[in-house]
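Take a look at the structure below.
No experiment lies behind these values; they were computed from the predicted model shown. Counting starts at 1 for both ligands and their atoms, following the listed order.
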Amino acid sequence: MRPFDVFTRWRPLPSTESQAPTQEIDRVHTRYPNALVSTSLTPPLITKITHCRPWKSNPVFTHVFEGHDTNKTVFAKVVSPILPRVLNGETCNLLAYGHSGSGKSHTIIGYDFETADEFGLCLAAARDLSAEAARLNEAVENGSEDELGIGLRMYELRGNSAFDLLNSHCKCHIREGYDGQTHIRGETEVMSDGRVRVRPIVTKACWTFDDVRRELLAGRELRATRTSTVHDQSSRTHAVLEIELVTRALLDARDAVIERQSELVPVAKRATDVYLEENMKAFVRTEDGKYVPNPAYHIDEARIHEAEARQAELEGYVQDAETHVNELMQSSSHPCLGGKLVFVDLAGSEYYHEKSISGSAPRAKQTPQEQREGRQINTDLLALKEVIRARALKQPRIPYRSSPLTMVLRGHFEPSGPTNSYTAMILTASSEATQYSATMNTLKYGNLVGVAGEDKAGAAARKA
Ligand SMILES: Nc1ncnc2c1ncn2[C@@H]1O[C@H](COP(=O)(O)OP(=O)(O)OP(=O)(O)O)[C@@H](O)[C@H]1O
């Protein structure tokens, strides 16, 4: 299996959302000897569309889905083949990229949670993984620590913030920790007993498929929608959905890490405060504004040492808790433990010059705030392309830090420990002639990441 695949999914013509003439984009797909597909586009004969030229991609697409293909067909071709990798403990990432209204949410999350053929890829994957967990649980006592289930996380990224869709849309910050890892953490909460807690994105434990379905539905309802350049109910954020195979023991061990980290927060703050306080008392300001040692005060080294020793003690507890998590992962009899599927429903890329296309349905004008968000989205998507290309080209420096989106994805592209990762991108393309430029831009984006990811055989086939 290739380490990186690019698929294209053409959506059918919309029946109600546009009053434009329902002309389809003329496209031809050619399969090459290396089994990859190239796509040629011919500009539509609509007079007022500008910037339209014929375009042909390289043979980089693993498969092209047409408008009649259901979510079930896409699942069978894209997700089913990678489930064995997840059951082997690996991380697999699926990113949906396309302009606004092209079908990313339809594909990843889905709008029909009852008809199995139309389940989004995420729900269908959860169904199959839940069934596999239930099969493995037959050998495990009901309710025991080793019972397998699905750990679900769902959040949306906007600017430098994340919003937890399974925890009342709680706002979290995206930061790089001292260990170089990206952490997504909420505000510091003071609990009723005076202790503080810094919550990461919540993991909902789901022991049945119905649990997953209920949580996903609730999370989807919380996702923000705004006006894009294409429609008024656009998801103006990147939604990340993580489905992980977990046991109760693993979830408890991770909760213990959060507890220990929370205990550390006030102690580390006190150590810093004591250090600063002592050093400030040790200097005085002269009349000409300079700081000189204060002859009347000797730094209380013992006080600083006591505060730092307490901090070191609690850092040790955090480390012990983290070691316990790692030991659980390594000693588990389930090779699937920690196996993860990460779905990313990227915010729609925006193409401002298409606003004046004749025949488009009238839409509310974007506010300056929405326009700013649109620009941030485009910046994120550009950063993502550069990261995928740099990884595929095995460049020594991968520019993960160029956007909050790529900072968050780093942990999934490069999971810690011995686990491997696989990534696929699904390009969602509108077949509507009025969307020609936007669709061509989507395919061009996929073409660039696909060319970077191709192996020697692919490159030879392309040049032949
Ligand atoms: N392949 C498809 N088959 C049938 N309907 C589709 C398909 N793709 C999209 N649609 C419909 O088109 C509408 C817009 O799709 P969707 O919300 O998935 O777009 P999107 O790319 O996520 O847009 P945005 O980025 O603006 O949120 C929805 O009503 C969806 O059900």
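Contacts between Arg9 and ligand 1 below 4.0 angstrom, taking non-hydrogen atoms only, involve the side chain exclusively.
Proximity of Val451 to Asn58: side-chain heavy atoms (C-beta onward) are separated by under 4.5 Å at one or more points. Taking 4.5 Å as the limit, some side-chain heavy atom of Asn137 sits within range of a side-chain heavy atom of Leu148. No side-chain heavy atom of Phe7 sits under 4.5 Å from any side-chain heavy atom of Leu427.
Cation-pi contact between Arg127 and Phe119: absent, since separation from the ring centre below 6.0 Å together with deviation from the ring axis within 45° is not met.
Heavy-atom contacts of His99 reach the following atoms of ligand 1: 21 (O) (cutoff under 4.0 Å). Close contacts of ligand 1 with Ser100, meaning ligand atoms under 4.0 Å from a residue heavy atom, involve 23 (O), 24 (P), 25 (O), 26 (O). Set against the non-hydrogen atoms of Gly348, the atoms of ligand 1 under 4.0 Å away are 25 (O).
Checked against ring pair (Phe, Tyr, Trp, His ring centres under 6.0 Å), His63 has the following partners two or more places apart in sequence or in another chain: Phe65.
Contact check on Glu322 versus Arg260 returns no salt bridge, with no Lys/Arg side-chain nitrogen under 4.0 Å from an Asp/Glu carboxylate oxygen.
For atom 2 (C) of ligand 1, the choice among Ala96, Ser431, Gly103, Pro12 with the nearest heavy atom turns out to be Pro12. Across the listed options His238, Glu66, Lys104, Lys104 owns the non-hydrogen atom lying nearest to atom 20 (P) of ligand 1. The heavy atom nearest to atom 4 (C) of ligand 1, out of those in Glu118, His106, His68, Arg11, is found in His106.
Close placement of the Tyr97 and Tyr445 rings is indicated, their centers lying within 6.0 Å of each other.
Here's the thing with Ser105: one of its N/O atoms is less than 3.5 angstrom from an N/O atom of ligand 1. At a 3.5 angstrom cut-off on N or O pairs, Ser102 counts as close to ligand 1. Of the N or O atoms in Gly101, one or more lie within a sub-3.5 Å distance of an N or O in ligand 1.
For the residue pair Asp5 and Tyr422, a side-chain donor N or O sits within less than 3.5 Å of a side-chain acceptor on the partner.
Put simply, no part of Gly98 is less than 4.0 Å from ligand 1, judged by heavy atoms.
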